[in-house]
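Computed from a predicted structure; not experimentally measured.
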Amino acid sequence: MKSLCKDKRIKSRESQTVILTLNKKDLASFETDKSAWVAEAGRYKILVGASSSDIRQKAEIDVPEELLIEKVEHILPADKQFEDLKFQQ
């Protein structure tokens, strides 16, 4: 979820225009091995709705190649290497 907007001043059956802005970092995830925020190449779906089960508008954004958004320093490097986290019963 990027953003949530709710305005209690709207009465039932009224509508309101809301503008949400996405930037490159909103598409990025942190990659520990690169010590950077990276937006992977691919197609990103943008869904807008009253809830996750009530989608009213859709759009897609194509990112043609991986984007290095922000490189950071190892301020607190991990003392152990983690594999993918898995649920244990």
Side-chain angles (χ1 to χ4, degrees):
M1 178 183 288
K2 157 60 181 155
S3 187
L4 174 67
C5 181
K6 186 173 183 179
D7 191 331
K8 293 185 179 186
R9 295 173 288 184
I10 298 176
K11 294 180 180 155
S12 179
R13 301 182 204 267
E14 289 184 334
S15 66
Q16 178 182 33
T17 299
V18 177
I19 298 172
L20 305 174
T21 303
L22 294 173
N23 60 46
K24 293 176 186 176
K25 193 168 183 180
D26 294 327
L27 303 177
S29 57
F30 190 76
E31 292 195 16
T32 306
D33 60 324
K34 294 180 181 179
S35 230
W37 288 94
V38 176
E40 295 180 13
R43 180 168 285 177
Y44 291 80
K45 293 181 181 182
I46 310 300
L47 307 173
V48 179
S51 70
S52 61
S53 62
D54 184 9
I55 302 302
R56 299 180 184 186
Q57 292 289 321
K58 297 178 183 179
E60 292 185 349
I61 298 172
D62 286 315
V63 177
E65 60 186 25
E66 182 178 277
L67 300 174
L68 178 66
I69 306 300
E70 181 182 356
K71 182 84 171 149
V72 297
E73 298 294 324
H74 283 290
I75 296 171
L76 296 172
D79 59 353
K80 295 181 182 177
Q81 193 66 21
F82 291 96
E83 297 298 322
D84 288 337
L85 298 176
K86 297 178 184 171
F87 178 73
Q88 294 181 357
Q89 294 180 343

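Taking CD from E31 and CD from E66, the interatomic distance works out to 5.5 Å, rounded to the nearest 0.5 Å. To the nearest 0.5 Å, atoms CD1 (I46) and CD (E60) are separated by 9.0 Å. In this structure, CZ on R56 lies 13.5 Å from CG on L47, to the nearest 0.5 angstrom. Taking CD1 of I61 as the reference point, atom NZ of K24 lies at 12.0 Å (rounded to 0.5 Å).
The side-chain heavy atoms of L27 and L67, taken from C-beta on, include no pair separated by under 4.5 Å.
Between the side chain of K25 and the backbone N or O of A39, no donor-acceptor pair lies under 3.5 Å.
Heavy-atom contacts from other residues, nucleotides or ligands closer than 6.0 Å to NZ of K71 number more than 12.
Hydrophobic cluster membership is shared by V63 and I69, with clusters built from Ile, Leu, Val, Met, Phe, Trp and Tyr side chains linked at under 4.5 angstrom. V72 and L68 fall into different hydrophobic clusters, defined by Ile, Leu, Val, Met, Phe, Trp and Tyr side-chain heavy atoms under 4.5 Å apart, directly or through other members.
Under the rule for a salt bridge (charged side-chain N to carboxylate O under 4.0 Å, His left out), E14 has no partner lying at least two apart in sequence or in another chain. Remark: F30 engages W37 in a ring-ring contact (aromatic ring centres under 6.0 Å, His included) (not counting sequence neighbours).
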